[in-house]
Chemist: 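Sending over a structure as structure tokens; questions will come in a sec.
Quick note on labels: first sequence line is chain A, next is B, and so on, each numbered from 1. All values below were derived from every heavy atom in this structure, side-chain atoms included, with hydrogens, water molecules and symmetry-related copies excluded.
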2 protein chains.
Amino acid sequence: MAGSEDVPTPPWRKSRKPAPPKRQLSQDLIVDAGLRIVDTEGLDALSMRRVAQEFDTGPASLYAHVANKEELLELIYERVLGEIELPERDPSRWKEQLRAYAMEVHRVLTAHADVARVALASVPSGENSILAGEFVFGLLIEAGMSPREASLSMDRIHLYVTGDAYEGSLHYARMRAAGLDDPREYFERFAGQLADYYRALPTERFPHIQKFVDDLIADDGEERFRYGLELLLDGIEARMP
Amino acid sequence: MAGSEDVPTPPWRKSRKPAPPKRQLSQDLIVDAGLRIVDTEGLDALSMRRVAQEFDTGPASLYAHVANKEELLELIYERVLGEIELPERDPSRWKEQLRAYAMEVHRVLTAHADVARVALASVPSGENSILAGEFVFGLLIEAGMSPREASLSMDRIHLYVTGDAYEGSLHYARMRAAGLDDPREYFERFAGQLADYYRALPTERFPHIQKFVDDLIADDGEERFRYGLELLLDGIEARMP
DNA sequence: ACCTGAACACCGTTCAAGT
DNA sequence: ACCTGAACACCGTTCAAGT
């Protein structure tokens, strides 16, 4: 008789395969898969089941490497934060550096769509978050701010950046839900609808909104983000000794 | 034979009751019930099923009055916004009025815990949102700002207030999940843990965070909100002609 | 017009059982 | 130690059927 191992078991035999080569799971691989799903399908599509599917197994298999969904989300956020690059600190150029930092974090969060939601929710505790915190905090202190005010300023910049990115991610999700691909097209359609709505308002009760509709929809997300960032930076500058 | 209507049908009869007096549903009642649930059990506890339960029926019954869950959330948000009170506009005191407005919205959102999440997500379209918008926009324009900058400033103040309230609501949810009731107790426990964690960091890599731990946890949510609000207001003031 | 039960296609997490 | 199937207790929404 020939060795039976080279021959596939015929379907009618219904024998169970002799223990499949068992995928090797790991926290890193799980985070990889999770981030891939968030990037392509959005945060709402991320479920333990969906991640497990990526490894051809059930959700229970993930719990050996990850405590729960919340931890997985924070691990994904930390992974994303690893993408930002911090320069050498130069207190004499604190405003410029703080601006660049804020825009870099905003860019990275926006690139990964709705990871911003996690950013807003999570308390900085991973290595990358703390490194970022040390950068901003140190910069403000070295530029002459009191630790107390530097702490407050850092906190507010962080809230602003993540809050704006989060808001953006919600629009992004809405775009996806509407079946659109081009952010510009979405913005125009969206702004157009809003403008029509505003124009239809009764003039007596909403005179300003009605009159300056074009100004209300003039700036896109990027410009609005920049404007608010400058407001904050100027406020901080006014508090620098 | 006595009239059988005064006698309860015996359990073994298993007759079905002759059409119960059918609860009268309405959009208002549904929003009421929804807000009540959010206030007492949190936004995460709000589900169509949970709301329906309040009327002793299944979730399908709600769909005659509300398009879907998203619409219900926006209706709840609008209801909450109705609680803010807007004063007579006085452009000569724009900064004071804008500050009071921001704090009032923040207060109302915070009072209803995590309705802030909806606020951040939703585009202003209900009557109360538009009224609030007209107030801020008109105030800034009458104080002398260009419509374009007034539009940007209004947008950034809105993002800041709702973003901060949302962040606060996440802490609130965490407090509830930890089984605590007193926000002050939660803050102290939370800040204490954070401080311990920061103190344990390696000094070489995180010198500033490590050194000024006390300053990092000195201010609570209210003070941080106030600080950021003043940063923005000062930035806006610097742009007033 | 309004309401409903049942069904569909999902969730996160646990647990006993396997290797 | 790691992995798994099955189960538990949930979701939002649809739809045919009732009144």
Chemist: Please report, to 0.1 Å, the donor-acceptor pairs under 3.5 Å made by any side chain of residues 57-66 of chain B, with sequence neighbours excluded.
Modeler:
| residue | atom | partner | partner atom | Å |
| --- | --- | --- | --- | --- |
| T57(B) | OG1 | S61(B) | OG | 2.7 |
| S61(B) | OG | G58(B) | O | 3.4 |

Chemist: So L29(B) and F55(B), side chain to side chain contact (heavy atoms under 4.5 Å, CB included) or not? Walk me through it.
Modeler: CA-CA 9 Å; L29(B) 284 175; F55(B) 300 100; 4.1 Å; yes
Chemist: In whole angstrom, what separates L46(B)'s CG from dC10(D)'s C1'?
Modeler: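 One finds 14 Å between C1' of dC10(D) and CG of L46(B), rounded.
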Chemist: Set out, line by line, the N/O atom pairs under 3.5 Å between protein and nucleotides 5-9 of chain D.
Modeler:
none

Chemist: Between R117(A) and D44(A), is the closest basic N to carboxylate O distance under 4.0 Å?
Modeler: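 Salt bridge: yes.
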Chemist: What residues form a salt bridge (charged side-chain N to carboxylate O under 4.0 Å, His left out) with D219(A), not counting sequence neighbours?
Modeler: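 In terms of salt bridge (charged side-chain N to carboxylate O under 4.0 Å, His left out), with neighbours along the sequence ignored, D219(A) is linked to R148(B).
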Chemist: So Y160(A) and F225(A), would you call those rings parallel, tilted or perpendicular, with 30° and 60° as cut-offs?
Modeler: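 Because their plane-to-plane angle is under 30°, the rings of Y160(A) and F225(A) count as parallel.
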Chemist: Looking at side-chain heavy atoms only, is the closest gap between I217(A) and F190(A) below 4.5 Å?
Modeler: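 They are not in contact (no side-chain heavy atoms under 4.5 Å apart), so the answer is no.
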Chemist: To the nearest angstrom, how far is D56(A) atom CG from dC3(D) atom C1'?
Modeler: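 After rounding, the gap between these two atoms is 14 Å.
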Chemist: Could you pull out all residues at least two apart from Y166(A) that satisfy ring-ring contact (aromatic ring centres under 6.0 Å, His included)?
Modeler: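 Y166(B).
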Chemist: Let me know the distance between CD of E71(A) and P of dT13(C), rounded to the nearest Å.
Modeler: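 Roughly 11 Å, once rounded to whole Å.
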Chemist: Is it the case that more than 12 heavy atoms not belonging to R50(A) sit under 6.0 Å from its CZ atom?
Modeler: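 Enclosed: over 12 neighbouring heavy atoms sit under 6.0 Å from CZ of R50(A).
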Chemist: Between R184(B) and E188(B) (salt bridge meaning N to carboxylate O under 4.0 Å), is one present in this structure?
Modeler: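 The answer is no: the pair does not qualify as a salt bridge.
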Chemist: To the nearest Å, how far apart are D44(A) CG and dC11(D) C1'?
Modeler: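 Whole-Å distance recorded here is 14 Å.
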Chemist: How far does the P atom of dC10(C) sit from the matching atom of dA9(D), given to the nearest Å?
Modeler: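 My reading of the P atoms in dC10(C) and dA9(D) gives 22 Å.
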Chemist: Atom CD of Q53(A) to atom P of dT4(D): distance rounded to whole Å?
Modeler: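 Result: 14 Å.
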Chemist: Near DNA chain D, under 4.0 Å by heavy atom, which residues of residues 62-69 of chain B?
Modeler: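 Those residues whose heavy atoms fall under 4.0 Å from DNA chain D, taken from residues 62-69 of chain B in numerical order, are Y63(B), N68(B), K69(B).
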Chemist: Using atom CG of L72(B) as one end and atom P of dT13(D) as the other, report the distance to the nearest whole Å.
Modeler: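 These atoms are roughly 10 Å apart.
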Chemist: Round to the nearest Å and state the distance from M48(B) atom CE to dC10(C) atom C1'.
Modeler: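 That distance rounds to 16 Å.
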Chemist: If you measure from the Lys or Arg side-chain nitrogens to the Asp or Glu carboxylate oxygens, is any gap between D214(B) and R199(B) under 4.0 Å?
Modeler: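 Yes, this pair counts.
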Chemist: Given a 3.5 Å cut-off on both pairing distances, which stems involving DNA chain D, each at least three consecutive Watson-Crick or G-U pairs, are present, if any?
Modeler: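 So the stems come out as C:4-8 with D:12-16, C:12-16 with D:4-8.
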Chemist: Do other residues, nucleotides or ligands put more than 12 heavy atoms under 6.0 Å from the CD atom of E70(B)?
Modeler: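 Incorrect, the count does not exceed 12.
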Chemist: Given that R50(B) and S26(A) both sit by DNA chain D, which one's nearest nucleotide is further toward the 5' end?
Modeler: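 Upstream on the strand: S26(A).
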